[in-house]
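Notes follow once the structure below has been shown.
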Number of protein chains: 2
Amino acid sequence: MSISRNPTTGIGSHRVQPISSLDDYDRASPAVDCVLITIVDGSLAVLIHRRSQNPFAGKWALPGVFVHFGESYERAAERALRDKGGVARRCYKEQLEARNEPNRDPRGWVVTVAYLLLARQELIIENIRSAGDAELAFIESVSGHDLTDAARIVVGSSRTAVELAFDHDELVRSGIRRLQAQIWYTALSLEFVPEAFTLRDLQAVFEAILGVTLNRASFRRHVLEVVRLVEPTGETQTNVGHRPAALYKRGSEFGSAQS
Amino acid sequence: MSISRNPTTGIGSHRVQPISSLDDYDRASPAVDCVLITIVDGSLAVLIHRRSQNPFAGKWALPGVFVHFGESYERAAERALRDKGGVARRCYKEQLEARNEPNRDPRGWVVTVAYLLLARQELIIENIRSAGDAELAFIESVSGHDLTDAARIVVGSSRTAVELAFDHDELVRSGIRRLQAQIWYTALSLEFVPEAFTLRDLQAVFEAILGVTLNRASFRRHVLEVVRLVEPTGETQTNVGHRPAALYKRGSEFGSAQS
DNA sequence: ATAATAGTGTCTTTAAGACACTATTTT
DNA sequence: AAAATAGTGTCTTAAAGACACTATTAT
């Protein structure tokens, strides 16, 4: 044990770190927040949970946790989903942005990294029931606005609009923006459909994310011929009351899923 | 002053933060690293500096500093450029990615956020001379590879290849990737040219960033008609030994610069 | 006039948008 | 046969790529 080198500090020490010259610098508590996006009945939804503690106790927020020393951001994000969202499944992850929030938490200096996570509804629903304070909230576009510059988050069957704690509303929009920017030339859309799916299913995913309706013929051309995102499995639907659609799977050029 | 609530900790306190329940969590030292990209003689360059302290003392690295409490990441990035790179000018900034590096620094837990910064060479050169340990290093593509999956960083007139400290080589590639992804539909390219410039100048910027040669006619069409990135000033070059080119400025739809 | 580069016109190619037409299944 | 949706063909439009042609300046 040793004394901090900074004379203004008084006694200094830290739980995990070795005593070192880093004591000359301010320390912060690293945290992660999760924007888990899914698609429910053709519209976007995000996983939120009701905070039990201050700040913002009782308010809806994105699931988030403080990062432990030695734990990667990704692992921390998974833990946040498990502990705060009741979701135990692995899913696609990508970093959104880091924020430095000296005033976020009255308890001290918190620096957060937000993650975008994608999963199909079925993988979330089966888990979420166990966590009473978690919910899949719909993301509705405010009329006349794009989803990415104004979005309403509505909960329950009454669909009452809520405001998320911190700047989490903005993080959700930022996640949607990222999704929209990447969807045409990546395989992100496949995170929302099962192994085998129809092109109609996939088009519905694109339409939910982009908030527009797409031309059927050119959508087919795009995913089949232009980017070759998908290829036929050879199977078709059965018993659907009309001509059955062919089933498709991830194109071989697009590796497989998750991260 | 008070005792940490974590019984394993021993005496606990922190230099800046109020004593609070955050003491139950591990703390880290937030830092920023700067990828300042510019274009020198038609090829990409990045600002690096020689580290004076361990870890990696004597090695080349990106300019970086620890963030102070109450200081934004952006401000910290500017301070890094000033103190480690000798560059005092404001320039365009955007966040690249956050990394959690428990083993980066033997002194303790460091979490870093990398920033991409863009500026024209003239704004850097005039400042850099004062800082002896800073240098603009060229980024060369390794033959047969894309700039974004393998790049060599070369210093001095001898152009000897160097490896940067930490994972800074990868950060540089990540910055270039971001630049390439955004250049066609944003005004980022204008950060590398003066107020008034010729289309040839601007095309050279695109070519340096993308690492390809572009068709002159379709480049003109793109920046003038398709995205309307630029518009003519009405002026032309003088005394250039051949037909003088028209001068252009930032298109009115693209706001003005910096961030 | 020549060299050099700026600027334009035109043809081709790629891919999206619109829209109608054919195909296949269940009821 | 009717309903419903799947799948295809074709025309149009936007924009990039290729390339040649004209224009304007200094020497």
Side-chain angles (χ1 to χ4, degrees), chain A residues 41-42 180-187 189 193-194 196-249 251 253-254, chain B residues 41-42 180-187 189 193-194 196-249 251 253-254:
Chain A
D41 301 334
Q180 290 184 346
Q182 303 207 315
I183 194 153
W184 286 109
Y185 292 94
T186 64
S189 56
V193 292
F197 50 87
T198 66
L199 289 187
R200 163 170 284 261
D201 293 338
L202 190 61
Q203 183 168 343
V205 167
F206 274 70
E207 291 178 338
I209 290 169
L210 297 170
V212 296
T213 62
L214 298 173
N215 181 272
R216 196 157 48 94
S218 64
F219 178 76
R220 296 178 74 86
R221 267 187 315 229
H222 181 85
V223 297
L224 281 170
E225 295 159 36
V226 181
V227 301
R228 290 198 285 188
L229 174 62
V230 300
E231 50 195 38
T233 63
E235 311 277 289
T236 59
Q237 290 180 307
T238 48
N239 261 347
V240 280
H242 53 76
R243 174 175 177 178
L247 293 176
Y248 293 83
K249 60 182 178 188
E253 304 167 39
F254 279 91
Chain B
D41 300 333
Q180 291 184 347
Q182 302 206 316
I183 195 155
W184 286 109
Y185 292 94
T186 65
S189 55
V193 292
F197 50 87
T198 66
L199 290 188
R200 163 171 283 261
D201 292 338
L202 190 60
Q203 182 168 345
V205 168
F206 273 69
E207 291 178 337
I209 290 169
L210 297 170
V212 295
T213 62
L214 299 173
N215 180 273
R216 195 159 49 97
S218 63
F219 178 77
R220 295 179 74 89
R221 267 188 316 231
H222 181 86
V223 297
L224 282 169
E225 295 160 36
V226 180
V227 301
R228 291 199 282 189
L229 173 62
V230 300
E231 49 194 37
T233 63
E235 311 277 289
T236 59
Q237 290 179 307
T238 48
N239 260 349
V240 281
H242 53 76
R243 175 176 175 176
L247 293 176
Y248 292 83
K249 60 182 178 188
E253 304 166 39
F254 279 91

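Proteins get letters first, then strands, A, B, ... in listed order; numbering begins at 1 in each. Note that this is a predicted model, so its numbers are computed, not measured.
Between Asp201(A) and Tyr248(A) the shortest side-chain heavy-atom distance does not fall below 4.5 Å. Leu247(A) places a side-chain heavy atom less than 4.5 Å from the side chain of Thr198(A). Counting only heavy atoms from C-beta outward, the side chains of Trp184(A) and Val227(A) never approach each other to under 4.5 Å. Val205(A) is not listed as a side-chain neighbour of Phe197(A), based on a closest heavy-atom distance of 4.5 Å or more.
Between Arg216(B) and Thr236(A), the residue anchored closer to the 5' end of DNA chain C is Arg216(B), taking for each the nucleotide with the nearest heavy atom. Across the interface with DNA chain C, nearest-nucleotide mapping of His242(B) and Trp184(A) shows His242(B) to be the residue nearer the 5′ end. If Ala245(A) and Thr238(B) are placed on DNA chain D by their nearest nucleotide, the residue sitting closer to the 5' end is Ala245(A).
In this structure, CD of Gln237(B) is placed 16 Å from P of dA4(C), rounded to the nearest angstrom. dA16(D) atom P lies 12 Å from atom CG of Leu224(B), rounded to whole Å. When rounded to the nearest whole Å, the span between CG of Asn239(A) and P of dT27(C) equals 6 Å. Atom CG of Asn215(B) and atom P of dC21(D) are 16 Å apart (whole Å). Between the CZ atom of Arg243(A) and the P atom of dT27(C) there is a distance of 17 Å, rounded to whole Å. Look at CG on Asp201(A): it is 9 Å from P on dA6(D), rounded to the nearest Å. Distance CD (Glu225(B)) to C1' (dA16(D)): 12 Å, rounded to an integer number of Å. The distance between atom CD of Gln203(A) and atom C1' of dT5(D), rounded to the nearest whole Å, is 13 Å.
Shown are Thr186(B), Leu202(B), Leu224(B); of these, the side-chain contact (heavy atoms from CB on, under 4.5 Å) with Leu229(B) is made only by Leu202(B).
Ala246(A) comes within 4.0 angstrom of the backbone, heavy atoms only, and of no base. Across all strands, Arg221(A) comes closer than 4.0 Å to base atoms (heavy-atom distances).
Of the side-chain N and O atoms in Arg220(B), one or more sit less than 4.0 angstrom from OP1 or OP2 of dT8(C). Taking only side-chain nitrogens and oxygens, His222(A) comes nearer than 4.0 Å to OP1 or OP2 of dA16(C).
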